[in-house]
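What follows is a set of notes on a single structure, which appears directly below.
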Amino acid sequence: MLAPDSITLGYAVMDRDHADSLALWEAACAAPAGALQAPFGAFAAHLREHFARENALMTEHGFFALHCHMEEHARVLAVIAMIEAELGEGKEERARKYLRFHFPDWFHTHLATMDRVTADFLARAEG
C-alpha cells in the first residue's frame, strides 16, 4: 500500500498533489461495490489537474526530460479515461484491479524516478 511518508519529495506543489492523490486513491479503494464511479471520477479529475500542473512547471522551467515525463502522464490518463468509460457502463472489475495493483506500483515507481528528478530540478531552477 501507499504511505504518506513515502511520497514526500520536498517540493511543495508536487507534495500537495501527491498527498491529494493518495487521499483520493484511498477513497476510491474504499468505495463499496456499485459505488465506485463517483470516487474514481474525483480521483481521475485530480490526476488530470495534478499532471497539468506538473507539465506546466516542467515546461516553464525547461525540464530536460519534459517530453518523456509528459508522455508518461498521457499514458496514465489514457488508461484512466478507459476505466472511467467502463465505470460509466457499470463495469468495476478493471477499475478495482487498477486501484489495488497497478496504480500503487506505478505511483511508487513514478515518484521514485521521474518525479524525484523533476522535483529536484524544479527546486534548483527556482533557487
Should [X] and [Y] count as side-chain neighbours, where that means a heavy-atom distance under 4.5 Å?
X      : Y      : result
Glu71  : Arg75  : no
His46  : Asp17  : yes
Tyr11  : Asp115 : no
His110 : His73  : yes

Which atom pair, heavy atoms only, marks the closest approach of [X] to [Y]?
X      : Y     : value
Ala31  : Pro39 : CB-CG, 3.7 Å
Pro104 : Trp25 : CG-CZ2, 3.5 Å
Ala28  : Leu36 : O-CD1, 3.2 Å
Phe43  : Ile80 : CE2-CD1, 4.1 Å
Glu92  : Ala33 : OE1-CA, 3.7 Å

(request) Test Leu111 against Arg116 for side-chain contact (heavy atoms from CB on, under 4.5 Å), laying out the working first. (result) CA-CA 6 Å; Leu111 265 68; Arg116 165 61 59 204; over 6 Å; no
(request) Using ring pair (Phe, Tyr, Trp, His ring centres under 6.0 Å) as the criterion, list what pairs up with Tyr98, not counting sequence neighbours. (result) none
(message) Determine whether a donor-acceptor pair (N or O, by modelled atom type, separation under 3.5 Å) exists between the side chain of Asp15 and the backbone of Thr8.
(response) no
(message) If we ignore hydrogens and angles and just use 3.5 Å, is the side chain of His61 paired with the main-chain N or O of Phe121 as donor and acceptor?
(response) no
(message) Using a strict threshold of under 4.0 Å (side-chain N to carboxylate O), is an ion pair present between Glu93 and Lys97?
(response) yes
(message) Using a strict threshold of under 4.0 Å (side-chain N to carboxylate O), is an ion pair present between Arg124 and Asp120?
(response) no
Gap separating the [atom1] atom of [X] from the [atom2] atom of [Y], nearest 0.5 angstrom:
X      : Y      : atom1 : atom2 : result
Met70  : Met114 : CE    : CE    : 12.5 Å
Ser21  : Arg16  : OG    : CZ    : 12.5 Å
Leu57  : Leu66  : CG    : CG    : 11.0 Å
Thr118 : Leu9   : OG1   : CG    : 9.0 Å

(request) Indicate whether the side chain of Glu54 and that of His69 have a donor and an acceptor atom separated by less than 3.5 Å. (result) yes
(message) I'd like to know if the side chain of Asp20 pairs up with that of His50 as donor and acceptor (distance under 3.5 Å, no hydrogens or angles considered).
(response) no
(request) Please test Leu47 against Leu24 for side-chain contact (heavy atoms from CB on, under 4.5 Å), starting from the C-alpha separation and ending with a verdict. (result) CA-CA 10 Å; Leu47 287 181; Leu24 290 162; over 6 Å; no
(message) Please list all pairs meeting side chain to side chain donor-acceptor pair (under 3.5 Å) that have one or both residues in residues 76-87, counting only residues at least two apart or in different chains.
(response) Arg48-Glu84, Glu86-Arg94
(request) I would like to know whether Leu122 and Met14 meet side-chain contact (heavy atoms from CB on, under 4.5 Å); could you show each step before the answer? (result) CA-CA 10 Å; Leu122 292 173; Met14 292 174 75; 4.1 Å; yes
(request) Assign the ring pair Phe107 / Phe103 to parallel, tilted or perpendicular, where the plane angle (0 to 90°) is split at 30° and 60°. (result) parallel
(request) Could you check whether the rings of Trp106 and Phe51 sit parallel, tilted or perpendicular, using 30° and 60° as the cut-offs? (result) perpendicular
(request) Using the side-chain contact (heavy atoms from CB on, under 4.5 Å) rule, take Lys91 and Ile83 through it: C-alpha gap first, then chi angles, then the decisive distance, then the call. (result) CA-CA 9 Å; Lys91 300 174 186 172; Ile83 291 171; over 6 Å; no
